[in-house]
Protein chains: 2
Amino acid sequence: MATRTDTLTLEVVELIGTVVARYHEEYDRAAAEHSLTGAQARVLGLLSLEPLPMRKIAVRLKCEPSNVTGIIDRLETRGLVERRPDPADRRVKLAAATEKGRRTARELRDALDFAREPLAGLSDAERTVLRDLLRRMLGEETP
Amino acid sequence: MATRTDTLTLEVVELIGTVVARYHEEYDRAAAEHSLTGAQARVLGLLSLEPLPMRKIAVRLKCEPSNVTGIIDRLETRGLVERRPDPADRRVKLAAATEKGRRTARELRDALDFAREPLAGLSDAERTVLRDLLRRMLGEETP
DNA sequence: TGAATATTTCATGATGTCAAGTAAATCGGT
DNA sequence: ACCGATTTACTTGACATCATGAAATATTCA
């Protein structure tokens, strides 16, 4: 592969590493302000959009379902999430954000300036270019 | 801030989220192939470049020094890392990759195709643009 | 000598895996 | 349509890793 070790590629790889690190710092910082861990914040964010069965949360998180049990337990203890039965399947438990949970998720989103604030330094045209390059890098087609 | 909620910005933010997720998948997968955790692989990568005092590892990882003790313990048990005294300061212990550790780190690096392989779809000019946009996003100046 | 620094140990909690267990749905053969 | 076997969803328990914070030890520095 011709692109493996040239300086330019390595530079981009390194920059992406920095982006990843910066992203996590911001995310964990915002979560910690609400006394949440990164995993809890992530799940709360998912559930603020729609209730989900435990199993689907595990798929989204790419972890074992047994792990989700604990995360939901801790969010439920704090009144941010509740378990509901699924009327269509009695095996399933739906985890749903409470009103308090949705409020927290909204505050969390607003605090997540990581990619918004630094992006302000780029013009619209530049952001468009960046978007398209990232899309192609991720293997999506530009629609 | 004018850039907070426009569609373009949110798209870019989402793409960056995807990049972060993809990066971790690749990293953890590559680490797991050598029976290493993400944290262990990261530390081993650092130490394959140069020996470091425990304290500096903690700074790089942005965690408590007491945490590093355990990570180095586990790498040392597997013969990938060794602790050496610092001749200049007897309080300090230098963690250094062993020959086996350096070999593992090299294999790990070679397996880390995350950002290299997908980058192959971009031309040199595009990669240059991407590099410069990422740099500016991260607040570095283009030298 | 006294304060600061580097590391470790211990207690604790969150996250992750895996194996086993319970409950409910679904499938296949009669 | 029925019933036993399998699959699916979730929880529990045991265990490893990662992370923090407080306290202990050893060494350096002012």
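Values below: every heavy atom of this structure, side chains too, minus hydrogens, waters and symmetry copies. Below, chain A is the first sequence line, B the second, and so on; all start at residue 1.
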Checklist outcome for this item: So CD of Glu25(B) and NZ of Lys62(A): to nearest 0.5 Å the spacing works out to 4.5 Å
Checklist entry - If you find the nucleotide of DNA chain D closest to Ala39(B) and the one closest to Val68(A), which residue's nucleotide is nearer the 5' end? => result Val68(A)
Checklist outcome for this item: Between Arg55(B) and Gly38(A), the residue closer to the 5' end of DNA chain C by nearest nucleotide is Arg55(B)
Tell me: [atom1] of [X] to [atom2] of [N], nearest whole Å?
X: Lys93(A); N: dT22(C); atom1: NZ; atom2: P; answer: 15 Å
X: Asp86(A); N: dA24(C); atom1: CG; atom2: P; answer: 14 Å
X: Glu64(A); N: dT8(D); atom1: CD; atom2: P; answer: 15 Å
X: Ile57(A); N: dA9(D); atom1: CD1; atom2: C1'; answer: 12 Å
X: Arg84(A); N: dA9(D); atom1: CZ; atom2: P; answer: 20 Å
X: Arg74(A); N: dT12(D); atom1: CZ; atom2: C1'; answer: 14 Å
X: Lys62(B); N: dT20(D); atom1: NZ; atom2: P; answer: 12 Å
X: Arg42(B); N: dT17(D); atom1: CZ; atom2: C1'; answer: 16 Å

OP1 or OP2 of [N] under 4.0 Å from side-chain N/O of [X]:
X: Thr69(A); N: dC10(D); answer: no
X: Arg83(B); N: dT7(C); answer: no
X: Lys56(A); N: dA9(D); answer: no

Next on the checklist: So Asn67(B), base contact, sugar-phosphate only, or nothing? Heavy-atom distance under 4.0 Å.
Outcome noted: base
Checklist entry - Among dT27(D), dT11(D), dT8(C), which is the nearest nucleotide to the side chain of Asp89(B)? => result dT27(D)
Item to check | Proximity to the side chain of Gln40(A) - top-ranked nucleotide from dT17(C), dT8(C), dT15(C) | outcome: dT15(C)
Checklist entry - Does any N or O donor sit under 3.5 Å from an N or O acceptor when you compare the side chain of Ser66(A) with the base of dC18(C)? => result yes
Checklist entry - Side chain of Arg91(A), base of dT8(D): donor and acceptor closer than 3.5 Å? => result yes
Flag the pair [X] and [Y] as a salt bridge only when some basic side-chain nitrogen lies within less than 4.0 angstrom of an acidic carboxylate oxygen.
X: Glu99(A); Y: Arg102(A); result: yes
X: Arg135(A); Y: Glu11(B); result: yes
X: Arg103(A); Y: Glu107(A); result: no

Checklist entry - Are Arg131(A) and Asp124(A) close enough, and set up right, to give a salt bridge (charged side-chain N to carboxylate O under 4.0 Å, His left out), and what steps lead you there? => result CA-CA 10 Å; Arg131(A) 181 198 60 188; Asp124(A) 255 32; over 6 Å; no
